[in-house]
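Letters A, B, ... mirror the listed sequences (proteins, then strands); counts begin at 1. All values reported here derive from a predicted model rather than from experimental measurement.
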There are 2 protein chains.
Amino acid sequence: MPPRARLARERARDAVTAEILDVARAQLAEVGPGGLSLRAVAREMGMAPSALFRYLPHKDALLTRLIIAGYDSLGEAAEAAEAAVHDAGPAERWMAICHATRDWALANPQEYALIYGSPVPGYAAPQDTVGPATRIPRLLMALLGDALAAGLPVPAPGADAERMHAAIAPLRATMPPEVPDSMVVRGLIGWTHLFGAVSFEVFGHRTFDVLDDPAAFFDHEMRLLGGLLGLIPA
Amino acid sequence: MPPRARLARERARDAVTAEILDVARAQLAEVGPGGLSLRAVAREMGMAPSALFRYLPHKDALLTRLIIAGYDSLGEAAEAAEAAVHDAGPAERWMAICHATRDWALANPQEYALIYGSPVPGYAAPQDTVGPATRIPRLLMALLGDALAAGLPVPAPGADAERMHAAIAPLRATMPPEVPDSMVVRGLIGWTHLFGAVSFEVFGHRTFDVLDDPAAFFDHEMRLLGGLLGLIPA
DNA sequence: CCATCGCCGAGAACACTGTTCGCAGTTCAG
DNA sequence: CTGAACTGCGAACAGTGTTCTCGGCGATGG
């Protein structure tokens, strides 16, 4: 199997695969996950529906690729925003990540719903999505590590220190051991709240406790939480 | 139209409607939202699929009723848990609400996904869901109000006080004016974080930043946030 | 250069979905 | 008792994901 010759076929195949993904993502933005239809994708591409199955084993595979693409797109946006203020101190970096995440989610609500909403019926996230999914948390952990090295005061551990130590063990294993437990916990809390705030807004649950200026509230909220994390001096 | 006679028909109708709801909720617990099928409900009831439409204008109506039922079930659980410790002080009340919410969500993950997950394709939540949906936030606001009356220290407003005042205006209108802005904000933040933490866990996003003891972490997390809200003395 | 093998697309088919319509039968109201 | 409203059924339509079979075209081995 000479690699030179094989390329023609494979390139064509990759091109079609890429087009499927593109069309699917465009359709996702319109009708949302769940509304996504393989037949509609095939229709728009001028193909028979059955032909799609030469490139995808089943619909879930397409969803997986879209999910990974979504994670990557969001991760890239957050990383770029963080990099742009990387020298401006932890508080700015924290806020940059928060705002980038919110902006991306509001600009791509359906993609956000696909990756952070309730899982679709029979779908189970395969291992491939783990890497891209952790880009933002990793960004936050790096931020906390830097701040720590720069002399960020470490909050005193609570009474349940040893129990916490055990609870976060798996996450600990992925991080340098000199990061104190309380910092790991703070990072998780920050990430959790960022997700909660953005999801509330994107999924429309903020229309009940109505806000006149969601952007201002978000800024205020995340700044306050940055204080709790110790990233922003009170 | 004598109300005595009409009752027979209406009672039968209500009974069928209730059975539809029951069967649908049972099926929801198995296959989740999106996987819910009217035909399957009819099958289990021994009815023709078309007969269901005598009781429901369309599938969305069934979803709406299930959503309302879900909100009410969750709200009741939280209210009951709060009532049980109502005299034990704000910190216990806060934690009771948090744990009740998490417990209910873990026990009914599909119902939780239905009400707090990404909205289904074409579905738009009607006004009927507003009341039940706000039971937990209202509980939190009442808690904050009580704590305030009992002498809870009010956090100092930040530099963006007047902007915040405008941002939360609609929510303000539903509350007694003596509650300070900073308290309203704290309440929203607490509610947001509770939602974020529970959703993270129920939707499986905590399997990435793996935790060995999610229950312990949740307890720690919400207690810490209770401190930020001023409900728990540091 | 030619035969061959593998891939690719098309079309039909199956099982499933939500929803509509027309037709019966039952049950109630006047 | 008669007429009208309500109820359920069966068939049908348009849509979905998926499978299978078939024909053709391109790249490959002799």
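Comparing dA10(C), dC16(C), dT7(D) by their closest approach to the side chain of R43(B) singles out dC16(C). In the set dT18(D), dC8(C), dC9(D), dC8(C) carries the atom at the smallest distance from any side-chain atom of R13(A). Closest to the side chain of M47(B), from the set dA10(C), dT18(D), dG8(D), is dG8(D). Distances were taken from every side-chain heavy atom of R54(A) (C-beta onward) to each of dA12(C), dT21(D), dG22(C); the shortest belongs to dT21(D). Of the candidate nucleotides dT18(D), dC8(C), dA10(C), dT18(D) has the atom nearest to the side chain of K59(A). The F53(A) side chain lies nearest to dG17(D) when the options are dA10(C), dG17(D), dC9(D).
Look at OH on Y55(B): it is 18 Å from P on dG18(C), rounded to the nearest Å. Rounded to whole angstrom, the span from the CE atom of M45(A) across to the C1' atom of dA10(C) amounts to 15 Å. Rounding to whole angstrom units, CG of residue L38(A) and P of dC16(C) are separated by 19 Å. Atoms CG (L62(B)) and P (dT19(C)) sit 10 Å apart, rounded to a whole Å. A straight line from CG of L52(B) to P of dG18(C) spans 9 Å, rounded to a whole angstrom. In this structure, L63(A) places its CG atom 15 Å from P of dT16(D), rounding to the nearest Å.
Counting atom types as modelled, R39(B) pairs a side-chain N or O with a base atom of dG18(C) as donor and acceptor under 3.5 Å.
At the heavy-atom level, L36(B) lies under 4.0 Å from the strands shown only through sugar-phosphate atoms. Nucleic acid contact class of S37(A) (heavy atoms, under 4.0 Å, all strands): sugar-phosphate only.
S199(B) places no side-chain N or O within 3.5 Å of a backbone atom of G196(B) that could act as its donor or acceptor partner. Panel note: side chain S73(A), backbone A69(A); no donor-acceptor pair is recorded below 3.5 Å.
Of all non-hydrogen atoms in L225(A) and H193(A), the two that sit nearest each other are CD2-CB, 3.3 Å.
Taking the six-membered ring where tryptophan is involved, the planes of F195(B) and F200(A) are essentially parallel, since the angle between them stays under 30° and well short of 60°.
Between D128(B) and R65(B), no side-chain nitrogen of the basic residue sits less than 4.0 Å from a carboxylate oxygen of the acidic one, so the salt-bridge criterion is not met.
Mapping V16(A) and A40(B) onto DNA chain C by nearest heavy atom places V16(A) closer to the 5' end of the strand. Mapping P49(A) and A51(B) onto DNA chain D by nearest heavy atom places A51(B) closer to the 5' end of the strand.
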